[in-house]
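Let me begin by presenting the structure, written as structure tokens, before commenting on it.
Note that these values count all heavy atoms, side chains included, but never hydrogens, waters or copies made by symmetry.
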Amino acid sequence: MRFDDVILGRRSIRGYKPDPVPKALIEEIIGLAMRAPSSMNTQPWNFYIVTGEPLDRIRAGNTERMVAGVPQSREFRTGQAFVGPHRDRQVGVAKQLFSAMGIERDDKDKRQDWVLRGFRQFDAPVCVIVTYDRVLDGSDDTPFDCGAVATALVNAAWSRGLGAVINSQGIMQSPVVREHAGIADDQVIMKSIALGWPDESFPANAVVSERKSVDEATVFVGFDN
């Protein structure tokens, strides 16, 4: 694909075929993603790539703890709840997704099932868990760099015909993830990325989230016009 086709065509995929993803293809995608820039070339990221039975155990553990009301234990700061235009955009994409899936506002069972899909990494055949070196904990540069590599990863995947969605629910129950993915103590869990072959029949996969305009986001300084 041309670069523009990847950037403009990529969308978050929340429904996957069960077909496995070859390890060699994942290695190729990770290699491309790691060309992402990082602060002073620190390259703080590492990847735990989970499939099969270990991933099933993570899905089950996440779901069981969530249903039981166990508080989330993400290892990165979540900040305050969104307000203003940020909350508006959060609600907006939720409305797009619920509309595509036929989930009515008062349908608690379907809404709950949708939430649980996130804890199951959207039933994707592969979960990529992005971690960073604990010695860098507290640096704002480090999560910024992890965001850069995650963006490069989902775009590289799309260029190879794979779908992905960057997802926080999948790592909310960090003890479960640590245990079954074998994550080393010197790593901080940052994000998870569901990865696999898109199921084109899954309605939410057709959703393209809205973007604010260049005019809204940009201030030009020193230009003639």
### Message
Between Val130 and Ile193, is there a side-chain heavy-atom distance shorter than 4.5 Å?
### Response
yes

### Message
Quick check: do Lys212 and Arg89 have side-chain heavy atoms less than 4.5 Å from each other?
### Response
yes

### Message
Give me the atom names and distance for the closest heavy-atom approach of Asp123 to Tyr16.
### Response
O-CB, 4.4 Å

### Task
Answer with yes or no whether the hydrophobic clustering places Val177 together with Met172; edges join I, L, V, M, F, W, Y residues whose side-chain heavy atoms lie under 4.5 Å apart.
no

### Query
With a 4.5 Å heavy-atom cut-off, do Ile26 and Lys23 have their side chains touching?
no

### Query
Counting N and O atoms only, with roles assigned by atom type, does the side chain of Ser12 sit under 3.5 Å from a partner on the main chain of Val165, one being a donor and the other an acceptor?
no

### Sidechain N-carboxylate O distance under 4.0 Å for Arg2, Asp5
yes

### Query
How are the rings of Phe98 and Trp114 set relative to one another: parallel (under 30°), tilted (30 to 60°) or perpendicular (over 60°)?
perpendicular

### Task
With the side chain counted from C-beta on, respond yes when Thr42 and Thr142 share a heavy-atom pair under 4.5 Å apart, and no when they do not.
no

### Message
I'd like to know if the side chain of Tyr48 and the backbone of Ala184 have a donor-acceptor N/O pair within less than 3.5 Å.
### Response
yes

### Message
Using only atom types and a distance under 3.5 Å, with no angle test, would you say the side chain of Arg74 pairs donor to acceptor with the backbone of Ser174?
### Response
no

### Test: Arg160 and Glu28 ion pair at under 4.0 Å
yes

### Task
May I ask you to decide if Pro125's main-chain N or O and Thr51's side chain share a donor-acceptor pair within less than 3.5 Å?
yes

### Message
I'd like to know if the side chain of Glu75 reaches the main chain of Val188, judged simply by a donor and an acceptor atom lying under 3.5 Å from each other, with no hydrogens or angles considered.
### Response
no

### Heavy-atom check, side chain of Phe82 versus side chain of Val91, under 4.5 Å
no

### Message
Would you say that Ser168 contacts Lys191 through its side chain, given a criterion of any heavy-atom pair below 4.5 Å between the two side chains?
### Response
yes

#### Entry: Charged N-O contact under 4.0 Å between Glu64 and Arg59
no

### Query
Do the side chain of Thr131 and the main chain of Ile189 share a donor and acceptor less than 3.5 angstrom apart?
no

### Query
Just by distance, do the side chain of Asp199 and the backbone of Gly15 share a donor-acceptor pair under 3.5 Å?
no

### Message
Could you tell me if the side chain of Trp158 sits less than 4.5 Å from the side chain of Leu153, heavy atoms only?
### Response
no

### Query
Thinking salt bridges, do Asp88 and Lys95 make one under a 4.0 Å N-O criterion?
no

### Task
Using modelled atom types only, decide if a donor and an acceptor are shared between the side chain of Asn205 and the backbone of Arg14 within a distance under 3.5 Å.
yes

### Task
Output yes when a side-chain donor or acceptor of Glu104 lies under 3.5 Å from a complementary backbone atom of Ser99, and no otherwise.
no

### Query
Between the side chain of Asn167 and the main-chain N/O of Gly170, is any donor-acceptor distance below 3.5 Å?
yes

### Close side-chain approach of Asn62 to Gln121, heavy-atom, < 4.5 Å
yes

